[in-house]
Asks: 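Before we start, here is the structure in question, set down as structure tokens.
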Number of protein chains: 2
Amino acid sequence: MIGIDTLLAWGATYKKVTAGETIFSERQQCIFYHQLAGGSVRWVDINDEGKEFIHDFIQPGECFGEFPLFDDSPYASSAIANENSVVIRLHKSSFLQLLKEEPEIHFEFDKMLTQRLRFKFLLLKELACADSEHRISILIDYFKQSKKNICPKCNQIKLTRQQIADMTGLRVETVIRSMRHLHEKGEIKILKGKVYCKAI
Amino acid sequence: MIGIDTLLAWGATYKKVTAGETIFSERQQCIFYHQLAGGSVRWVDINDEGKEFIHDFIQPGECFGEFPLFDDSPYASSAIANENSVVIRLHKSSFLQLLKEEPEIHFEFDKMLTQRLRFKFLLLKELACADSEHRISILIDYFKQSKKNICPKCNQIKLTRQQIADMTGLRVETVIRSMRHLHEKGEIKILKGKVYCKAI
DNA sequence: TACACCATATGACAATAATCATAGCGCAGG
DNA sequence: CCTGCGCTATGATTATTGTCATATGGTGTA
């Protein structure tokens, strides 16, 4: 999101996190702006029954956990490292000052917030109204568009059925069956269990 | 959101819309910042089968259709007047200039975007994971918190079962049955078909 | 007051997804 | 090259919600 040089100039520091480590969690107070420098982070909610709902996967360059920077409430969900990762952190007050002095970056930030809202709007409508196959298609389309979790060379979708289930609210078995059906309809391709989407 | 005086000083104008009128619709290009001055507007998506999914009800003072102001894409959904209403409109370019010159308002705006994202995050998790009763409870809680569509004196929920269905992706019959059950469990009160929630 | 219209209500049945159990496959590590 | 673990796969059964048909009730209007 924000250039690394800019962040460092404003006093940001690097922090290493190990696979499975929780970077921040629900209801916790917020002190830092977070941006991923390397690795992979997932953005999750744990519901009352202990089931994970995955909101998104964060890629290097993207920021995460930005809600409390603006509305002073605690975090709404948790961020967990999928693998060993590196995070750049900037103190909340410095971050807000940065936005104030750099309106261009501020507007870029709004653009990012807006795009996240757009995606949530779309997904919400689909999750609420559509059947399981449709839900999965929509999610794959999103990953295709955002070039997330898809191998740029071979179009392989680098997500397990379980992860897709955790993003759509479906069960693994339902995801497996629906994806088989999508394969039969020719919308995706399954080879030795691996899923490939059509060329972009 | 933004003070009416400020908007008018920047060249905003009033526009009357009649009940049922579409203020803007999906895929349309965006020229104005919109803020509701009076009446009520619903924010909807029409899916492929012609079914409405209601994202939110806009109250006087709230803005709507703000996505395209930041990312230059067309509207993601439509805005339809529920009743005769009055909208204040400001040209996109003036609006962006206003934000640039008034960082306080800009941060207020981010706060609002953030709160909308928070609500979407919450609802998405619940719609994806929870059963019909839980979905309805969550929605009622949201209205209670935001003081929307609830009579401040008698706690009556001023939404039809159909509207609740259109916000949760359920069917009217399911909403009716689930709400009866919530009534039996004592979580809400139904008197002569009207729904009342517990005191806030 | 009577009528019409719209929202609420309810039952019977069908469709879809969840649950549970169990099997098979593929890849990493010894 | 074998072993084990985690992911994928599939069948049988249950539970939930959708669908359709039809009835009741409340509110505003002629």
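Here is the naming used below: chain letters follow the sequence lines, and residue numbers restart at 1 for every chain. Computed from a predicted structure; not experimentally measured.
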Asks: Using the ring centroid of each side chain, check whether F32(A) and F24(A) are separated by less than 6.0 Å.
Replies: no
Asks: Mind checking what makes salt bridge (charged side-chain N to carboxylate O under 4.0 Å, His left out) contact with D45(B), not counting sequence neighbours?
Replies: none
Asks: Between protein and nucleotides 1-3 of chain C, what N or O pairs are separated by less than 3.5 Å?
Replies:
none

Asks: Pairs of donor and acceptor atoms involving the side chains of residues 108-115 of chain B, under 3.5 Å and at least two apart or interchain, shall be tabulated with distances.
Replies:
from: D110(B); atom 1: OD2; to: H106(A); atom 2: NE2; distance (Å): 2.5
from: T114(B); atom 1: OG1; to: D110(B); atom 2: O; distance (Å): 2.7

Asks: Do Y33(B) and H91(B) have ring centroids that are under 6.0 Å from one another?
Replies: no
Asks: Once you round it to whole Å, what is the distance between P of dA17(C) and NE2 of H181(A)?
Replies: 11 Å
Asks: Run the numbers on N84(A) and E21(A) for side chain to side chain contact (heavy atoms under 4.5 Å, CB included), then give the verdict.
Replies: CA-CA 9 Å; N84(A) 292 338; E21(A) 190 178 334; over 6 Å; no
Asks: Taking the axis from the first five pairs and the axis from the last five, what angle separates them in the helix from dT1(C)-dA30(D) to dG30(C)-dC1(D), rounded to 10 degrees?
Replies: 40°
Asks: From CG of L159(B) over to C1' of dA7(C), roughly how many Å is that when rounded to an integer?
Replies: 13 Å
Asks: Just to verify, what does R177(B) make a salt bridge (charged side-chain N to carboxylate O under 4.0 Å, His left out) with, not counting sequence neighbours?
Replies: none
Asks: Write down the distance between CD1 (I176(B)) and P (dC6(C)), rounded to a whole number of angstrom.
Replies: 16 Å
Asks: Side-chain donor-acceptor pairs under 3.5 Å in residues 94-103 of chain A, sequence neighbours left out?
Replies:
from: Q97(A); atom 1: NE2; to: E101(A); atom 2: OE2; distance (Å): 2.9

Asks: On DNA chain D, which is the earliest and which the latest nucleotide, 5' to 3', with an atom closer than 4.0 Å to a heavy atom of chain B?
Replies: dT17(D) to dT27(D)
Asks: Taking only residues two or more places apart in sequence or in another chain, which ones pass salt bridge (charged side-chain N to carboxylate O under 4.0 Å, His left out) with D131(A)?
Replies: none
Asks: For DNA chain C, which residues of residues 123-135 of chain B approach it to below 4.0 angstrom with any heavy atom?
Replies: none
Asks: Along nucleotides 19-25 of chain C, 5' to 3', which nucleotides get a B, which get an S, and which get a -, given that the test is a protein heavy-atom distance under 4.0 Å?
Replies: BB-----
Asks: Calculate the interatomic distance between I164(B) atom CD1 and dA9(C) atom P; express it in whole Å.
Replies: 11 Å
Asks: Quick check, are the ring centers of Y142(A) and F119(A) under 6.0 angstrom apart?
Replies: yes
Asks: Is a side-chain donor-acceptor pair under 3.5 Å present for Q162(A) with D166(A)?
Replies: yes
Asks: Verify whether the ring centers belonging to F121(A) and W43(B) lie closer than 6.0 Å.
Replies: yes
Asks: Measure the CD1-CD1 distance between I157(B) and I164(B) for me, rounded to the nearest 0.5 Å.
Replies: 6.0 Å
Asks: Which is more 5' along DNA chain C, the nucleotide nearest V172(B) or the one nearest G169(A)? Just name the residue.
Replies: V172(B)
Asks: Within a reach of under 6.0 Å around CD of E184(B), are more than 12 heavy atoms found that belong to other residues, nucleotides or ligands?
Replies: yes
Asks: Check salt bridge (charged side-chain N to carboxylate O under 4.0 Å, His left out) between D71(B) and all other residues, then give those that pass, not counting sequence neighbours.
Replies: R118(A)
Asks: Sequence neighbours left out, what passes side chain to side chain contact (heavy atoms under 4.5 Å, CB included) with K153(A)? Give chain and number order.
Replies: C151(A)
